[in-house]
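Comments concern the structure below.
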Amino acid sequence: MRVVESASRARPGALFAALLIAAFLSGWAAPPAGAMTFSTLTRADGTRIVLAEGPVAEGDAARLRVALRSADRDPAGYKVLALDGPGGAIVEAFAMVDVMDRERVATVVREGASCASACAQILFLSGAHRTIEGSGRLGLHSCHTAGDRSRSVACNELIAQNAMARGTPYASIMVFLHLTGPTQMKWLGAAEAAPLGFTRDPQDAPQVASAYRM
């Protein structure tokens, strides 16, 4: 229940609370074994960012909160989270989004990395600004129910509403959630993702208070 209450505060309204409860009973697959690993990388300009690799699993929100302490803010005023993972636990992914909101986080999929399912549709699309570098790619598909693995309308709607609230057109994300089955995956590179509004330039990100700027 704690996660549901936290998500409801970040995304106000009874609809989101109800949808998150429904999503708790849904998933792309059973949460994979293991959890994300977090490390600090230093970019060529000396800025430290956080690299998150692996599946989303219980406890990752707390680990992300700690990892972001070592990150610097980019010129736009955000900490950068590099993503490379297959997805995983939906409710935990939204708990990570709450951390990202508080810390003011931008997202990136680096050269050669793949960010799929909850990684792409929840974490990546929740970045204040979002970048896909080189051959990096996003993987999108529908949620399914935990029982009979049929398409989960409630879970898909929750994801689409979250993406829309953060600057991605509703139709852009929903078309993949609707047309790509739970056992399928649609891969997008930077060239395909940009026209759909999945990526977002730093200058288009929400204004950051001056206290958060370097």
Side-chain angles (χ1 to χ4, degrees), residues 3 6-7 10-11 15-16 19-20 23 26-28 36 49-53 55-56 60-61 64 68 74 76 78-110 113-133 136-143 152 154-180 182 185-206:
V3 174
S6 177
R11 292 166 291 280
L15 172 63
F16 281 117
L19 288 174
L20 189 56
S26 306
W28 287 281
M36 275 191 157
I49 69 172
V50 171
L51 172 62
E53 299 176 284
V56 179
D60 280 344
L64 173 62
L68 286 171
D74 66 13
Y78 298 93
K79 295 185 177 183
V80 177
L81 177 64
L83 296 163
D84 189 358
I90 298 171
V91 172
E92 190 68 22
F94 276 112
M96 294 174 71
V97 170
D98 286 341
V99 174
M100 292 165 62
D101 286 346
R102 288 194 295 271
E103 292 291 335
R104 299 179 181 269
V105 169
T107 52
V108 60
V109 178
R110 302 168 68 230
S114 296
C115 177
S117 199
C119 176
Q121 294 161 200
I122 299 176
L123 299 182
F124 179 79
L125 291 181
S126 293
H129 62 82
R130 308 179 288 270
T131 306
I132 301 173
E133 298 178 344
R137 59 181 188 164
L138 299 177
L140 301 98
H141 66 165
S142 175
C143 290
S152 173
C155 178
N156 286 342
E157 181 66 18
L158 175 61
I159 290 169
Q161 290 288 340
N162 178 72
M164 182 175 67
R166 297 160 189 284
T168 296
Y170 179 88
S172 291
I173 182 65
M174 185 53 81
V175 69
F176 293 101
L177 298 176
H178 180 69
L179 296 178
T180 308
M185 188 73 73
K186 175 64 177 178
W187 292 100
L188 302 176
E192 295 86 8
L196 295 168
F198 292 162
T199 56
R200 187 177 193 175
D201 292 334
Q203 62 265 29
D204 297 323

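- Taking each heavy atom of Gly88 and Ala118 in turn, the nearest pair found is N-CB, 4.0 Å.
- Side-chain atoms of Glu92 come within 3.5 Å of backbone atoms of Asp60 as a donor-acceptor pair (strictly under, hydrogens ignored).
- The side-chain heavy atoms of Pro202 and Asp74, taken from C-beta on, include no pair separated by under 4.5 Å.
- Nearest heavy-atom pair, Trp187 versus Ser114, reported as atom, atom and distance to 0.1 Å: CZ3-CB, 3.9 Å.
- Between Val56 and Met36 there is a side-chain heavy-atom pair separated by less than 4.5 Å.
- Residue Thr168 comes nearest to Gly197 through the heavy atom pair OG1-O, 3.3 Å, listed as atom of the first residue, atom of the second, then distance.
- Using cut-offs of 30° and 60° on the angle between ring planes, the pair Phe198 and Phe176 is tilted.
- Separating the CE atom in Met96 from the CD atom in Glu103 is a distance of 12.5 Å, to the nearest 0.5 Å.
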Task: Gln161 vs Tyr170, side chain to side chain contact (heavy atoms under 4.5 Å, CB included): CA-CA, chis, key distance, verdict - done: CA-CA 7 Å; Gln161 290 288 340; Tyr170 179 88; 4.0 Å; yes

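- Atom NZ of Lys186 sits about 12.0 Å away from atom CG of Leu138, to the nearest 0.5 Å.
- Of all non-hydrogen atoms in Ala82 and Arg110, the two that sit nearest each other are CB-CD, 3.5 Å.
- A donor-acceptor pair under 3.5 Å is absent between the side-chain atoms of Ser142 and the main chain of Pro182, judged by distance alone.
- Once rounded to the nearest 0.5 Å, the distance linking CG of Leu68 with CG of Leu81 reads 6.5 Å.
- Residues Leu125 and Arg130 are in side-chain contact: their nearest non-hydrogen atoms beyond the backbone lie under 4.5 Å apart.
- With hydrogens and angles disregarded, a donor-acceptor distance shorter than 3.5 Å links the side chain of Asn156 to the backbone of Cys143.
- Nearest heavy-atom pair, Met100 versus Gly127, reported as atom, atom and distance to 0.1 Å: CE-N, 4.2 Å.
- Atoms CD and SG, from Gln121 and Cys155 in turn, are 8.5 Å apart once rounded to the nearest 0.5 Å.
- We find the OG1-CZ distance between Thr107 and Arg200 to be 10.5 Å, quoted to the nearest 0.5 Å.
- Side-chain contact check for Leu140 versus Leu188: some heavy-atom pair is nearer than 4.5 Å.
- Side-chain contact between Val97 and Leu123 is present, with at least one heavy-atom pair separated by less than 4.5 Å.
- Side-chain contact between Asp101 and Arg166: present, with at least one pair of heavy atoms (C-beta onward) separated by less than 4.5 Å.
- Contact check for Lys79 versus Val50: no side-chain heavy atoms found under the 4.5 Å cut-off.
- Counting only N and O atoms by type, the side chains of His141 and Ser117 include a donor and acceptor under 3.5 Å apart.
- Leu196 places none of its side-chain heavy atoms less than 4.5 Å from the side chain of Val175.
- The shortest non-hydrogen separation linking Met174 to Ala160 is CE-CB, 3.6 Å.
- The distance from the CG atom of Leu83 to the CG atom of Leu51 is 8.5 Å, given to the nearest 0.5 Å.
- Looking only at distances, a side-chain donor or acceptor of Glu192 sits under 3.5 Å from a matching main-chain atom of Gly189.
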